Student: 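Next up is a structure, given as structure tokens.
Letters A, B, ... are given to chains in the order of the sequence lines, protein chains preceding strands, and every chain is numbered from 1. Predicted, not measured: the structure shown is a model, and the values here were computed from it.
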Number of protein chains: 2
Amino acid sequence: MASTQFSTKDRILGAAEELFALHGFGGTSLRQVTSRADVNIAAVNYHFGSKENLINEVFRRRMDDMSRQRLALLERARREHPGELGPVLAAFVEPALALAGDRHGGGAFIRVIARAYAENNDSLRRFLSEQYGHVLREFARAIAGCVPHLDKEQLYWRLDFLSGALTYAMSDFGLIKRPAGVAEVAHRKRAADELIRFAAAGIKSDKT
Amino acid sequence: MASTQFSTKDRILGAAEELFALHGFGGTSLRQVTSRADVNIAAVNYHFGSKENLINEVFRRRMDDMSRQRLALLERARREHPGELGPVLAAFVEPALALAGDRHGGGAFIRVIARAYAENNDSLRRFLSEQYGHVLREFARAIAGCVPHLDKEQLYWRLDFLSGALTYAMSDFGLIKRPAGVAEVAHRKRAADELIRFAAAGIKSDKT
DNA sequence: GTCTATACGATGATAGAC
DNA sequence: GTCTATCATCGTATAGAC
């Protein structure tokens, strides 16, 4: 079979990702997805079972990749800059912002995360915690090693604040918008640098 | 008329807020809303014109109140603690966390906010920016007065990070969970104190 | 002014033929 | 695996009762 061809399943995932990013979940109909992917409407239910599950699979494809990048960068930071907080934060922040800024579905990705907030009790949240909780715990350990005076509870508060700030930055929801004259890559780099500086100061802040 | 009765309009708003929090905008049908509110399906279009406008009005009911509290506390902070960053941040953070912890619908409201991210509702975004942007700008001015060395762009980045961390804290999404033995009010106070300290250090951080 | 009954086109999902 | 056909349900609109 020709390697230039994608499977029906992959074509659906790709089309869904692009459309979700553009118009959101509710704003994207499966008929739009299957039309863009050039497959029959019923194929999405055959391969994914439901629209809900299709959304989860779009998300997983990106999240797995991001987690690998984060852990690889974290290991490098520990090796090359032991005891330094900045490189650890960079390992956490940069793969996420790179993904959010990726034109191919990054927008969809961040919206799935936001949905996980909202569905406070739901299976998506459990899924995230089970699949990717070890990544967060690894970063908690690394940060604790850089800021040993911090007690554990306070460290977790500050990790939560970092995650929240990062999510917000990824979502482009706030005051800051990318100016027309600035390239996407440069904008992401700026966001990462600003966030790392902000969070480093916050995390190092005195206990009392 | 009896004051113990809510109007049709209010019953629709209340039912919508609860259901939006539970199942999202897309996941909540107007028929579910009107069924819970015990009104006819057509009443929502009569009173609100569309589902989209109903969503906006659900936001307005909570946001107007929170914005008033924020601005009142901000004015007091400027009067009683001129030049101090902490009280300004407290004026921004505390009304939001109080709303998130309020048993009367506020808890539902924060989940509604997360839904807004998740579903990338552009018109809701525009609505929020138009209606409440002046509050954020007022805080930007106040913070700039406390940290004059910060240039404007950097200030806006940091305000976005603060907003993100605050939203995350409001949602109870992260690693930190309220322990069973801690009262809701005490947990909110702890969250506010931790966030104010974290953000103050981040905002004051040196430019380079 | 408020509200209801009802209808319309589009959607997500499913069953069964191929 | 993929299709066509079909179904319940969705948001919205309208006509008219009180």
Student: Counting any heavy atom closer than 4.0 Å, what does A/Thr28 reach on the DNA or RNA strands: base, sugar-phosphate only, or nothing?
Tutor: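 Result for A/Thr28 = sugar-phosphate.
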Student: Check whether any side-chain nitrogen or oxygen of B/Thr8 sits under 4.0 Å from OP1 or OP2 of C/dC3, and answer yes or no.
Tutor: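 Checking C/dC3 against B/Thr8, a side-chain N or O does come within under 4.0 Å of OP1 or OP2.
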Student: Using a 6.0 Å cut-off, check whether atom CD of A/Gln131 has over 12 heavy atoms from anything other than its own residue.
Tutor: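 Atom CD in A/Gln131 is packed in, count exceeds 12.
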Student: When you measure from the side chain of A/Asn40, which nucleotide among D/dT4, C/dT4, C/dG12 comes out closest?
Tutor: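 Given the options D/dT4, C/dT4, C/dG12, the side chain of A/Asn40 is closest to D/dT4.
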Student: Find which nucleotide of DNA chain C each of B/Val39 and A/Arg31 is nearest to by heavy atoms, and output the residue with the more 5' nucleotide.
Tutor: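 Result: B/Val39.
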Student: Please state how far atom CD1 in A/Ile41 lies from atom C1' in D/dT4, giving the value in whole angstrom units.
Tutor: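 Going from CD1 in A/Ile41 over to C1' in D/dT4 covers 12 Å.
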Student: With salt bridge (charged side-chain N to carboxylate O under 4.0 Å, His left out) as the rule and sequence neighbours excluded, what pairs involving residues 30-49 of chain A come up?
Tutor: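 Residue pairs with at least one partner in residues 30-49 of chain A: A/Glu18-A/Arg36.
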Student: I want to check one thing: is the phosphate of C/dT2, taken as OP1 and OP2, less than 4.0 Å away from some side-chain N or O of B/Tyr46?
Tutor: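 Yes, B/Tyr46 has a side-chain N/O under 4.0 Å of OP1/OP2 on C/dT2.
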Student: Name the nucleic acid region contacted by B/Ala43, choosing base, sugar-phosphate or nothing; use a 4.0 angstrom heavy-atom cut-off, strictly under.
Tutor: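 If one applies the 4.0 Å heavy-atom cut-off, B/Ala43 turns out to touch a base.
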Student: Could you check how far CG of A/Asn45 sits from C1' of D/dG1, rounded to whole Å?
Tutor: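 Rounded to the whole Å, the gap is 14 Å.
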Student: Can you find a side chain N or O atom of B/Ser50 that sits less than 4.0 Å from OP1 or OP2 on D/dG11?
Tutor: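 For D/dG11, neither OP1 nor OP2 has a side-chain N or O of B/Ser50 closer than 4.0 Å.
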Student: C/dG12, D/dG11, C/dT14: which one has an atom nearest the side-chain heavy atoms of B/Leu30?
Tutor: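 The answer is D/dG11.
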Student: Over how many whole Å does the gap from B/Phe48 atom CZ to D/dA13 atom P extend?
Tutor: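 The answer, rounded to whole Å, is 16 Å.
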Student: Answer yes or no: does a side-chain N or O of B/His47 lie under 4.0 Å from OP1 or OP2 of C/dG1?
Tutor: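 So the side chain of B/His47 is outside the cut-off, no N or O lying under 4.0 Å from OP1 or OP2 of C/dG1.
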Student: What do the steps show when you test A/Arg158 against A/Lys204 for side-chain contact (heavy atoms from CB on, under 4.5 Å), and what is the final call?
Tutor: CA-CA 10 Å; A/Arg158 292 176 182 189; A/Lys204 284 180 185 159; over 6 Å; no
Student: So what does B/Ser7 touch, heavy atoms closer than 4.0 Å: a base, only the sugar-phosphate, or nothing?
Tutor: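 Contact class for B/Ser7: none.
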Student: Can you find a side chain N or O atom of B/Ser29 that sits less than 4.0 Å from OP1 or OP2 on D/dT9?
Tutor: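 Answer no for this pair, as no side-chain N or O of B/Ser29 is under 4.0 Å from OP1 or OP2.
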Student: What residues form a salt bridge (Lys or Arg N to Asp or Glu O under 4.0 Å) with B/Glu52, not counting sequence neighbours?
Tutor: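 Once residues adjacent in sequence are excluded, B/Glu52 has no partner under the salt bridge (Lys or Arg N to Asp or Glu O under 4.0 Å) criterion.
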